[in-house]
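Below you'll find the structure, written out as structure tokens, and then a few comments.
Order of the sequence lines sets the chain letters (A, B, ...), proteins ahead of strands, with each chain counted from 1. Not measured: the values here are computed from a predicted model. Just the heavy atoms: all of them, side chains too, but no hydrogens, waters or symmetry mates, feed the values below.
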There are 2 protein chains.
Amino acid sequence: MLDVAERAGVSKASVSRFIGEDRDLLSDEIARRIEQAIAELGYRPNQMARGLKRGRTRLIGMLVADIRNPYSIAVMHGVETACRRHGYSLVVCNTDRDDEQERQHLALLRAYNIEGLIVNTLGHHRDELLELHQEMPLVLVDRKVDRLDSDLVGLDNPAAVDMALDHLEQRGYRDLLLVTEPVDGTSSRIERVERFNASIEQRPALRGAVVETSDRFAARIETFLAGPDYGPKALFCANGVAALATTQALRELGCNLFDDVGLLALDDLDWYPLVGSGISALAQPTTEIGASAFDCLLKRLRGDSGPARTLDFPARLIERGSTRGPQR
Amino acid sequence: MLDVAERAGVSKASVSRFIGEDRDLLSDEIARRIEQAIAELGYRPNQMARGLKRGRTRLIGMLVADIRNPYSIAVMHGVETACRRHGYSLVVCNTDRDDEQERQHLALLRAYNIEGLIVNTLGHHRDELLELHQEMPLVLVDRKVDRLDSDLVGLDNPAAVDMALDHLEQRGYRDLLLVTEPVDGTSSRIERVERFNASIEQRPALRGAVVETSDRFAARIETFLAGPDYGPKALFCANGVAALATTQALRELGCNLFDDVGLLALDDLDWYPLVGSGISALAQPTTEIGASAFDCLLKRLRGDSGPARTLDFPARLIERGSTRGPQR
DNA sequence: CTGTTAGCGCGTTCAA
DNA sequence: TTGAACGCGCTAACAG
């Protein structure tokens, strides 16, 4: 920086003004000289030093529970795009669903002076999250954290589940099984399960049960399929991972996909069209969700201190062969 | 830091020694007092400031061409795990296959004083990469960059292609079509195509052609399938994206998966077992590749200045229904 | 409009 | 073994 200043015959402060937001304060002549000196020397301001001084690092942190989950990737991509558009950079930390790693990453992000945090994990370290939330804005994605009063962006789970049941019922399915990953305190999973149960109550034509993907999972599916005849059977998978496990199980059981049983999945993955007659899906607007998460952060960074907001996005139904209706 | 020092009744320098690598220089008594003060105050050293002073930020950068590609994700996961194990953090930048974004991200990473860089892109900004390489170690993953003399970690492409051809030939396929994403200067794609062509030359029993996934892709596949009978036909997809496109095309054409035509794919994705009779795959050891990439960096950071190394990992064949042999 | 001064939080000389 | 002083690269406050 000193080199640039000397070469342009000005002081460091002027150079600082040039690369910062005070460029208007400079005379055209000086600005031109600085610009040239910067170009000639290939000077790049050191973001670390800027961050150190101003407290503004232009860094956003994101805590992700499982980076191999396509949903997380999609949201992250949305966040990253939004960040870049506004001059921020994203530091992504993957916890691999491990509480200890979550703790370490939180410490790390703080040590790097991020300005805001996007969280998509179980949030098993509420104390640290709370503490962090004192210092910076925080947005939860997809999953609530108990007694953490922050913005929340995600899917409108009740509406999505209703949409699923409407569709399945209308297509002639009567005996439903909700397949979910172990609920394990994950708010979005809880909401889906609860709404499923509640909504089934309201629909006299339907019968519904819930099963978690776990050890004897294929056997549970088999039991369901062999169960007493209440009407055409269909599976409703609460997310992409459950859909994968379910489809695997159905294949193991030698099912004809999808004549024997209907299937509707939350999340739309690129391979759904390829399996059997194609898997119907409720797609989440992941890019929008990611962009909104960043948007919340940005509003807070710009001083908005209103009450915590909750943004629920609607799912979109994509019909494929797996809900074409029971084959008689 | 000053607070900690005062509370422990020592100077900032001692605290600095405690949190740094000079802890041995401190007397037990002082170390204990500092430790306690840190715990009581919940003190966290500011990594920005440390980086500013020492030039060591403990940050590794990774440039990824397409974060939605499962291969990239898997490698990134391997890198991240290795990083964390050694006290480094990873900053991932996704270029979305866009040259301009690649340039911006390179500037960004430099501005944040990363200590090393892992690159998995086309590297269309060789000048900047070269410049960066003067300042820090650089590892290429999967893709070479012209005249950039750095470590390279990836798949042993010739061996993998040979393994594929051996397998297909042994299973009775004779008429092969290699499906690749547009080659577009990507070294790994070039290597696969070239070895395919060369290897076909050497095998009188086989015939081979190459097609890129693009506009009239399904039509190209159709032409291949309808072509003169040279023997049982099989498709060899050069990566996961090609496999997805190919399977889509086969479905559109109403093929019976996979009685009409064999299919072998490079990369092993979680949904391969679910499509038709299951897609056979050559799995890449992505975790190892990622870990090795970081390992190269670490060696360089520790002073190794030997000649650039190339690490080629072998693929692993996973047989499923799609190469069970031609059905007569 | 511009330059001077004084730190941001830390690591690293030096002496002691 | 410890502490005082200086500076990393930059920005903010003030003075001109």
message = Checking R300(A) against D151(A) for the salt bridge (Lys or Arg N to Asp or Glu O under 4.0 Å) test, could you report, in this order, the C-alpha distance in whole Å, the side-chain angles of both residues, the deciding distance, and whether it holds?
response = CA-CA 10 Å; R300(A) 299 296 182 185; D151(A) 294 335; 2.8 Å; yes
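With rounding to whole Å, M48(B) atom CE is found 16 Å from dG9(D) atom P. Regarding D3(A), its CG atom lies at a distance of 10 Å from the P atom of dC10(D), rounded to whole Å. Regarding R58(A), its CZ atom lies at a distance of 12 Å from the P atom of dT11(D), rounded to whole Å. The CZ atom of R56(B) sits 17 Å away from the P atom of dC10(C) (whole-angstrom rounding).
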Table please: side-chain donor-acceptor pairs of residues 105-119 of chain B below 3.5 Å, with sequence neighbours left out.
{"from": "H105(B)", "atom 1": "NE2", "to": "N94(B)", "atom 2": "O", "distance (Å)": "3.1"}
{"from": "R110(B)", "atom 1": "NH1", "to": "E131(B)", "atom 2": "OE2", "distance (Å)": "3.4"}
{"from": "R110(B)", "atom 1": "NH1", "to": "E135(B)", "atom 2": "OE2", "distance (Å)": "3.3"}
{"from": "Y112(B)", "atom 1": "OH", "to": "T57(A)", "atom 2": "O", "distance (Å)": "2.5"}
{"from": "E115(B)", "atom 1": "OE2", "to": "T57(B)", "atom 2": "N", "distance (Å)": "2.7"}
{"from": "E115(B)", "atom 1": "OE2", "to": "R58(B)", "atom 2": "N", "distance (Å)": "2.4"}

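A salt bridge links K299(B) with D295(B); the closest basic N to acidic carboxylate O contact falls under 4.0 Å. A salt bridge does not link D3(B) with R7(B): every distance from a Lys NZ or Arg NE/NH1/NH2 to an Asp or Glu carboxylate oxygen is 4.0 Å or more. For E29(A) and R32(A), the salt-bridge test passes: some basic side-chain N is under 4.0 Å from an acidic carboxylate O.
An OP1 or OP2 oxygen of dC1(C) is reached within less than 4.0 angstrom by no side-chain nitrogen or oxygen of S14(A). Y112(B) has no side-chain polar atom (N or O) that falls below the 4.0 Å cut-off from OP1 or OP2 of dG9(D).
Using a 30° and 60° split on the angle between ring planes, Y88(B) and F294(B) fall in the perpendicular class, above 60°.
A donor atom on one side chain and an acceptor atom on the other are found under 3.5 Å apart for D142(B) and S188(B). Side-chain contact annotation: D96(A) with H77(B), donor-acceptor N/O pair under 3.5 Å present.
Note on F18(B): nothing from the nucleic acid sits closer than 4.0 angstrom, heavy atoms only.
Proximity of E181(A) to R189(A): side-chain heavy atoms (C-beta onward) are separated by under 4.5 Å at one or more points.
Looking at residues 24-34 of chain B, you'll see L25(B), L26(B), S27(B), I30(B) sit with a heavy atom under 4.0 Å from some atom of DNA chain D.
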query = Quick one: what's the B/S/- string for nucleotides 11-16 of chain C, heavy-atom cutoff under 4.0 Å, read 5' to 3'?
reply = BBB---
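Nearer to the 5' terminus of DNA chain D, by closest-nucleotide assignment, is the contact made by S11(B) (compared with the other of L2(A) and S11(B)).
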